[in-house]
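Let me begin by presenting the structure, written as structure tokens, before commenting on it.
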Amino acid sequence: MELEDITRMINTNIKNSSIRIENLFKSIFSNIPNTSIHLDDNSAIIRHSDTLNIDSASIEIIEKDYGYKISYWDGYSLAEEEIQKDLNKSLKVFKRYAKKLAKNLLRFSQ
């Protein structure tokens with residue numbers, strides 16, 4: 001088995017990309033309190049725990065039959081949502097939303 005085959009197998013779904021997603025969470029949210037990550041075989045959710053808002057800010061990536069749905073909830077409503085067929089493109093969108101969430105949490109949680 002060649003390296004390219006191994007790499008292709010590693011990046012085929014959310015479950016196999018869990019370490020990459022966890023590292024993204026640690027790098028962006030390490031200094032932001034009240035944030036958590038939940039990973040399972042078909043989804044990853046980064047959520048801010050806010051006792052004043054039961055529908056607190058979060059981002060999620062969910063593996064569907066047609067590809068990946070990436071959603072950004074700003075704490076009030078669904079702010080943005082994208083659908084991608086490719087996992088790497090989906091994870092780039094997820095990273096962009098994660099940075100946006102972190103920036104907003106730092107700005108508005110103070």
Side-chain angles (χ1 to χ4, degrees):
M1 189 176 291
E2 298 200 17
L3 183 60
E4 182 179 320
D5 295 330
I6 293 170
T7 303
R8 200 173 300 133
M9 287 174 26
I10 291 171
N11 294 319
T12 57
N13 59 32
I14 291 174
K15 180 180 179 180
N16 292 340
S17 300
S18 63
I19 292 173
R20 180 177 173 189
I21 295 168
E22 282 183 282
N23 287 338
L24 171 75
F25 173 76
K26 290 174 187 175
S27 69
I28 295 175
F29 294 93
S30 63
N31 295 326
I32 301 175
N34 303 321
T35 56
S36 62
I37 186 168
H38 173 76
L39 291 163
D40 64 30
D41 291 351
N42 299 317
S43 67
I45 301 169
I46 297 174
R47 179 170 284 122
H48 177 249
S49 298
D50 184 350
T51 57
L52 301 175
N53 186 353
I54 59 171
D55 194 23
S56 58
S58 67
I59 57 170
E60 59 186 29
I61 181 170
I62 300 173
E63 193 172 329
K64 300 285 192 175
D65 292 335
Y66 52 80
Y68 302 89
K69 182 171 80 168
I70 313 98
S71 305
Y72 170 62
W73 299 83
D74 64 6
Y76 301 101
S77 64
L78 179 63
E80 294 184 56
E81 185 174 73
E82 288 189 36
I83 295 173
Q84 294 285 335
K85 291 185 180 191
D86 180 74
L87 178 62
N88 285 323
K89 288 180 182 177
S90 300
L91 291 174
K92 286 180 183 179
V93 172
F94 188 74
K95 182 178 182 177
R96 186 182 60 193
Y97 287 173
K99 288 180 177 182
K100 186 176 193 173
L101 176 62
K103 181 180 173 183
N104 286 337
L105 288 175
L106 286 172
R107 184 183 313 158
F108 298 116
S109 296
Q110 305 277 336

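Heads up: numbering here begins at 1 and tracks the sequence. All of these numbers come straight from a predicted model, not from anything done at the bench.
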Might you confirm whether atom CG of Asn31 has over 12 heavy atoms from other residues, nucleotides or ligands at distances under 6.0 Å?
no

Please list all pairs passing the salt bridge (Lys or Arg N to Asp or Glu O under 4.0 Å) test where one or both residues lie in residues 84-94, with sequence neighbours left out.
none

Those residues that, when tested against Lys99, pass side chain to side chain contact (heavy atoms under 4.5 Å, CB included) (two or more places apart):
Ile28, Lys95

Kindly compute the distance separating CZ (Phe25) from OG (Ser36), expressed to the nearest 0.5 Å.
6.0 Å

Is there a path of hydrophobic side-chain contacts, each under 4.5 Å between heavy atoms, that joins Leu106 and Tyr72?
yes

What distance separates Ile37 CD1 from Phe29 CZ, expressed to the nearest 0.5 Å?
8.5 Å

Taking only residues two or more places apart in sequence, or in another chain, which ones meet Ser90 in a side-chain hydrogen bond (donor to acceptor under 3.5 Å, both in side chains)?
none

Between CG on residue Leu24 and CG on residue Leu91, distance to nearest 0.5 Å
8.5 Å

Return the minimal non-hydrogen interatomic distance between Ala44 and Phe94, and the atom names on each side.
O-CE1, 4.0 Å

All N/O donor-acceptor pairs, side-chain side in residues 58-67, below 3.5 Å, sequence neighbours left out:
unit_1: Glu63; atom_1: OE1; unit_2: Ile14; atom_2: N; d: 3.2

Among pairs that include at least one residue of residues 28-49, which meet salt bridge (Lys or Arg N to Asp or Glu O under 4.0 Å), considering only residues two or more places apart or in two chains?
none

Asp74/Asn104 under side-chain contact (heavy atoms from CB on, under 4.5 Å): CA gap, chis, key distance, verdict
CA-CA 8 Å; Asp74 64 6; Asn104 286 337; 5.8 Å; no

Minimum heavy-atom separation for Leu39 and Ser18, please, with both atom names.
CD1-O, 3.9 Å

Residues Tyr97 and Glu81: closest non-hydrogen pair is OH-N, 3.7 Å

Nearest-0.5 Å distance, CG of residue Asn42 to OH of residue Tyr68:
9.0 Å

Hits for side-chain hydrogen bond (donor to acceptor under 3.5 Å, both in side chains) against Glu22, two or more places apart or cross-chain, chain-then-number order -> none

In Å, rounded to the nearest 0.5 Å, how long is the span from CD of Glu80 to CD1 of Ile70?
11.0 Å

